[in-house]
Amino acid sequence: MAYRSVCKTLVNLHGGATFVQMRHLSTSNKLNNSYRAVVVGGGAGGLAMASMLGSKFGKSQVAVVEPSDNHYYQPMWTMVGGGLKTFDQSARMTKDIFPSNATWIQDAAVKFDPDNNTVYTKDGKELKYDLLIVAMGLQLRFEQVKGLQEAIANDPMVCSNYSAETVMKTFPALQKLESGNAIFTFPNTPIKCAGAPQKIMYLAEHYFSKHGKRDKINIIYNSSLPVIFGVKKYANELLKIIEERNITVNFRHSLSEVNHEKKEAVFVKLDSENQETVNFNYDFLHVSPPMGSPDVLKNSPIAAENGFLAVHKETGQHTKYPNIFGIGDCTDIPTAKTAAAVAAQSGVLNRTIEAVLAGREPQKLYDGYTSCPLVVGYDKCILAEFDFNAQPLETFPFDQGKKRTSMYYLKKDMMPEFYWKGLIKGKWEGPGVFRKILHLGMGK
Ligand SMILES: Cc1cc2nc3c(=O)[nH]c(=O)nc-3n(C[C@H](O)[C@H](O)[C@H](O)COP(=O)(O)OP(=O)(O)OC[C@H]3O[C@@H](n4cnc5c(N)ncnc54)[C@H](O)[C@@H]3O)c2cc1C
C-alpha cells in the first residue's frame, strides 16, 4: 500500500512562511519510484532524517539518494591530520551504517523539478515524492585556487584535512617538516566547521614544540576573515593562545594560487584597493579550500540567490515549496555549518514535518545552536557553543571559554560515539536537554 499526499491548504506561518496541510490518500503504488519521502544526500543530516522518517513511514516509503560507498565522520579529520586517529577510524561502509528502515538508492541527484515533485538521478531514475529532504552538504572547490590541485598531487608538503583524498597527507607532512614556513589558510567562502582551519594549526604547533623543532618553524595563519572566530568570547581566548605561541596571523588574506615548483603561495589582500597580491614561501601548506553549494542544487529552482537551499531558518521548511525541507551544510540557515548544528536541526525538522503533516504550525523552533570543539593542542580544547546571534549557548555549568582537558576527551572519544550511535540513527538531537538539566532549568 502506498500513499499519495495532497496539498490541501496553504496556511500563513510566522514570518510569512507557508506550510501545507497534507491529506494522505491511499492509492496503489504503480510507480516503483514513488515515495512518501525522498532524502537527497546520505551524510550526517540525510541519515538522521532518513532514520526518523523511516520509523514513521517504513522502509519502502523512504528513499535516500546517496552515491558514495563510504560514509565519513568528518569531524574526526582534524584528529587524523594531527596523528591522533587513523583515517579508517573516521570511515564506515555506507551499507553497514545505513538505516534499516529506509531504502538506499546508490545514485546521485542531477536535477530537481519541484513543480512536479520529482528528483532526477544520474542513472536516469525519476523519483517522485510527497516530501523532499535536501541534505547534500557542501561541494569542495579545490579547483578555484590556481595550481592547488597540481600542488596537492605533486607536493607532499601541501595537504588539507577537508577531504577524504587529502587528509592522510597532513600528519606525514607535519612529521617531515624540520624548518621554514608552515602556512594555514582559511578561504573566502562559507565553509564547514569554521574552526577546523585553525585547529590543525594549534595541533601542528604543539607537535613541533614536542619534537624540539618549534624554534625553526614560523607558523602563519592567513585568513580571509577579519576576525579569528565569530564569537567574541572564544575569539579572545584564541587570540591569547596565538600570542603566547608566537603565531603570525594575517587577516583578509585569501589564497589564490599555489606554485609548488617554486614553493610559493599567492594571497589576495582582500581589503587592498586593487586586490593586490602577496607571495609567501611555504615549506608546509595546509589548505582549507573554497566551498559552496553543490552545483546541482545551486542551479535549481529550490536554491536561494546565494546558491544554498532556501529554507526558513527556524523550521527548515522551504520558503517556496512547502513539501520541501532542508538540513545541514547545504541550507541557507545562517549559522556555522557543523554536525552539531545538524543534530539540533534534525530534532526541529522532525517536528516541523510532523506539524506540517498534521496541519499544525511548527512549535519547536531552531535557535541556531551550533558547536565547534576548538582543539588547541594534544590535550586541550575550548568547546565553543553558540546560537544565531553568535551568543554562547553552553551546555556545561562552567566557563567553556577556558581550554580544558575534559573537553578535549569529550571531542576525541565521546563525540564520535554520539555521531555513530546517536545522530545518524536519528537519536541525537544535540545537548539541549542536558543544557537545561545542568543549568537547573534556568538556561536557554
Ligand atoms: C575537517 C573537518 C572538521 C570538522 N569538524 C567538525 C567538528 O568538530 N564538529 C562538528 O560538529 N562538525 C565538524 N565538521 C563539519 C561536519 O562534518 C559537517 O558540518 C556535517 O557533516 C554536515 O552534514 P551534512 O549532512 O549537511 O553534509 P555531509 O555530512 O557532508 O553529507 C552530504 C552528503 O550528500 C551527498 N551528496 C552530495 N551531492 C549529492 C548528489 N548530487 N546526490 C546525492 N547525494 C549527494 C554526499 O555524498 C554526502 O554523503 C567538520 C568537517 C570537516 C571537513
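Every number for a ligand or one of its atoms is a count from 1 in the order of the listing. Just so you know, these numbers use all the heavy atoms, side chains as well, and skip hydrogens, waters and symmetry mates.
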Does ligand 1 come near enough to [X] that some N or O of the ligand is less than 3.5 Å from an N or O of the residue?
X      : value
Asp329 : yes
Ala109 : yes
Ala108 : no
Ala340 : yes
Leu138 : no
Ala44  : yes
Asp107 : no

Would you say the ring centers of [X] and [Y] fall short of 6.0 Å from each other?
X      : Y      : value
Phe388 : Tyr366 : yes
Tyr419 : Tyr73  : yes
Tyr207 : His211 : yes
Tyr72  : Phe87  : yes
Phe284 : Phe184 : yes

**Message:** Considering only residues two or more places apart or on different chains, which pairs with a residue in residues 419-431 satisfy salt bridge (charged side-chain N to carboxylate O under 4.0 Å, His left out)?
**Reply:** Arg351-Glu429, Glu417-Lys421

Which atoms of ligand 1 sit under 4.0 Å from any heavy atom of [X]?
X      : value
Asn161 : 1 (C)
Gly137 : 26 (O), 27 (O), 32 (C)
Pro373 : 7 (C), 8 (O), 9 (N)
Val342 : 22 (C), 23 (O)

**Prompt:** ligand 1 versus Gln74, non-hydrogen atoms closer than 4.0 Å: side chain, backbone, both, neither?
**Reply:** both

**Asked** Backbone, side chain, both or neither: what part of Gln139 comes under 4.0 angstrom of ligand 1, heavy atoms only?
**Response** neither

**Distance from atom 37 (C) of ligand 1 to nearest protein heavy atom, with residue and atom** = Met136 O, 3.5 Å

**Message:** Starting from atom 47 (O) of ligand 1, what is the nearest protein heavy atom, named by residue and atom, and what distance separates them?
**Reply:** Glu66 OE2, 2.8 Å

**Pairing of Lys233 and Glu385 as salt bridge, 4.0 angstrom limit** = no

**Message:** Salt bridge check, Lys263 against Asp155: does any charged N sit closer than 4.0 Å to a carboxylate O?
**Reply:** yes

**Asked** On the ring face of Phe308, is Lys337 found with NZ or CZ under 6.0 Å from the centre and within 45° of the axis?
**Response** yes

For ligand 1, is there an atom lying under 4.0 Å from some heavy atom of [X]?
X      : value
Lys411 : yes
Lys199 : yes
Pro294 : no

**Option set Ala336, Pro197, Cys193, criterion heavy-atom distance to atom 4 (C) of ligand 1, minimum** = Cys193

**Request:** Measure up the Phe398 and Phe396 rings against each other and bin them: parallel (under 30°), tilted (30 to 60°), perpendicular (over 60°).
**Result:** parallel

**Prompt:** Who are the side-chain hydrogen bond (donor to acceptor under 3.5 Å, both in side chains) partners of Asn306, not counting sequence neighbours?
**Reply:** none

**Asked** In terms of side-chain heavy atoms, does Asn222 have a donor or acceptor partner in Thr185 at a distance below 3.5 Å?
**Response** no

